[in-house]
Undergrad: 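Mind having a look at this structure? Questions to follow.
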Amino acid sequence: MLQLSFIRENKELTIKGLRKKLVKNPEQVVDDLLAVDSKRRETQSLLDGALAKSNAISKEVGNLMKAGKKDEAEAVRLETLALKGEAKDLTDLLADYEAKMQEMLYQIPNLPHESVPEGRTPEDNLLVFESERAKNLPELGADALPQWELIKKYDIIDFDLGIKIAGAGFPVYKGKGARLQRALVNFFLDEAQKAGYTEIQPPILVNEASGYGTGQLPDKEGQMYLVGEEKLYLIPTAEVPITNLYRDVILKADELPIRNVGFTPCFRREAGSWGAHVRGLNRLHQFDKVEVVQITKPEESYKTHQIMCDYVAYLLEKLELPFRILRLCGGDISFGAALCNDFEVYSAAQKRWLEVSSVSNFESFQTNRLKLRYKDETGKMQLLHTLNGSALALPRILAALLENNQTPTGINLPKAIWEYTGFEKI
RNA sequence: GGAGAGGUGCCUGAGUGGUUAAAGGAGCAGUUUGCUAAACUGUCACCGGGUAACUGGUGCAUGGGUUCGAAUCCCAUCCUCUCCGCCA
């Protein structure tokens with residue numbers, strides 16, 4: 001959620017940013033918001049005056065009662081009836097304006113960073129980096145198998161069993177498949193720890209307030225699983241619980257930056273997004289992911305974003321995967337992000353690029369909802385910045401590893417994870 | 001699931017209708033100091049008004065209600081803890 005004071009003071013900048021994010025009629029959106037805001041403030045002033053008067057009268061009644069002047073107190077008491085009605089009306093009016101403003105603010109996306117390219121579709125995303133392996137893509141020959149065939153051939157993941165016990169999109173990992181997945185998780189967690197992140201094991205169900213805190217609600221209501229009668233949501237990413245640990249928190253400057261990493265399963269309904277390219281591991285309702293989350297001072301967040309991107313790139317190099325980095329354009333970047341770099345690995349049998357990580361800077365968009373702040377050097381309360389990124393999402397990494405490393409005699413795993421798998425080959 | 005207790009600021013914790021989020025502690029800042037300690041002073045958040053000093057309002061789990069006036073009384077909801085039961 002954008003800060004109202006920012007919009008008020010930077011109207012043109014806001015409109016420009018919203019236009020880049022392809023918001024329709026940004027002038028109208030901002031004007032409507034500011035109109036409600038100005039009425040709200042006007043109403044608040046009137047209400048404050050009425051309440052101040054009423055407080056004074058109450059005090060007077062109290063004093064008269066204490067002094068034993070009961071009749072005078074009674075007379076003053078009668079005077080307040082009109083005032084009371086007025087205050088009630090103003091209170092209701094103010095509540096209306098506040099609710100309306102809140103609703104409008106929730107609908108407004110974050111403003112994109114200046115380095116975000118203009119654009120509408122994924123084709124408009126900007127290629128910012130290609131790894132050496134990406135410049136020299138592996139050629140597998142005509143008989144190369146896509147991941148869904150390899151999975152069957154080596155019997156490491158069973159989709160039919162998943163359908164039997166849960167439904168499509170819930171794979172069952174078996175034998176070396178399960179072991180490989182666990183090995184990758186441990187590899188990612190150990191690397192993150194070496195890079196300075198603290199490991200967190202959060203709940204994977206969260207309440208409504210947490211959904212609002214990180215911005216999944218109300219924007220993506222239908223994309224999360226709602227569980228039971230408790231109104232709890234299955235998390236779509238560890239970002240949600242790990243960032244919400246800091247909801248309603250005022251941090252001290254010396255506690256910053258916060259660097260957390262968490263491994264969780266992630267659940268996504270993916271309503272309406274099933275199509276031709278979602279076979280096998282490409283899109284799932286449940287998948288595992290290791291997520292890194294940082295909370296920084298505002299002036300450090302872009303430097304941190306770069307560090308996080310470098311870290312993800314380092315992991316992909318260790319896994320010997322060809323990858324590229326795309327800077328998402330205004331039309332493709334998510335609702336709450338100011339800047340987002342997508343990491344894609346090349347899956348050589350499908351001959352497709354698969355997104356395995358998004359590293360985003362939310363600036364103060366989440367912390368404004370979370371009320372996550374710190375006192376800066378001058379003693380002023382300031383919203384912090386949040387960033388997060390996958391490091392990494394498992395299924396597509398698995399897909400690329402299987403496809404790119406297939407040989408007639410088996411699948412050769414990258415050296416970096418041998419000590420975790422206990423085998424070098426599937 | 002049964003019974004009970006409770007939710008007040010960063011923490012402890014008083015407060016059963018009348019100025020006040022008491023009081024203490026922690027942390028931080030300032031003063032003092034050769035240094036440290038001690039002492040003293042200041043220090044909750046949010047929304048308004050004001051260039052500013054300052055000032056109005058709101059907040060005692062949440063939402064309603066009663067009252068001139070609510071932390072305090074009433075209703076509903078949420079959460080936590082204890083004991084019993086069940087149980088990974």
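Numbers restart at 1 for each chain; the letters A, B, ... are given by sequence-line order, proteins then strands. Because the structure is predicted, anything quoted here is derived from the model rather than measured.
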Undergrad: Take the protein atom CG of A/Leu47 and the nucleotide atom C1' of B/G57, then report the distance between them rounded to whole Å.
TA: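 For the pair A/Leu47 CG and B/G57 C1', the rounded distance is 7 Å.
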Undergrad: Give one of base, sugar-phosphate or nothing for A/Ile57, where a contact means two heavy atoms less than 4.0 Å apart.
TA: nothing
Undergrad: What is the minimum heavy-atom distance between A/Leu145 and A/Ala349, and which atoms define it?
TA: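 For A/Leu145 and A/Ala349, the tightest heavy-atom pair comes out as O-CB, 3.1 Å.
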Undergrad: Could you let me know what B/U77 is paired to, Watson-Crick or G-U wobble, both distances under 3.5 Å, or none if it's on its own?
TA: B/A61
Undergrad: Less than 4.0 angstrom between a side-chain N/O of A/Asn55 and OP1 or OP2 of B/U58, yes or no?
TA: yes
Undergrad: Backbone N or O of A/Ser210 within a donor-acceptor pair of the A/Asn207 side chain at under 3.5 Å?
TA: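 Looks like yes, one N/O pair under 3.5 Å.
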Undergrad: Within this structure, what is the CG-to-P distance between A/Leu94 and B/C46, rounded to whole angstrom?
TA: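 Going from CG in A/Leu94 over to P in B/C46 covers 18 Å.
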Undergrad: When we call it a touch if two heavy atoms are under 4.0 Å apart, what does A/Lys252 touch: a base, just sugar-phosphate, or nothing?
TA: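 Sugar-phosphate contact only.
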Undergrad: What is the minimum heavy-atom distance between A/Tyr311 and A/Phe188, and which atoms define it?
TA: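 Here A/Tyr311 and A/Phe188 meet closest at OH-O, 3.7 Å.
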Undergrad: Measure across A/Ser358 and A/Asp342 and return the closest heavy-atom pair with its distance rounded to 0.1 Å.
TA: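 The pair with the smallest heavy-atom distance is OG-OD1, 2.6 Å.
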Undergrad: By nearest nucleotide on RNA chain B, pick out whichever of A/Asn63 and A/Ser45 is the more 5' one.
TA: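 Upstream on the strand: A/Asn63.
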Undergrad: With a 4.0 Å limit, can you tell me whether A/Arg41 has a side-chain N or O closer than that to the phosphate oxygens OP1/OP2 of B/G49?
TA: yes
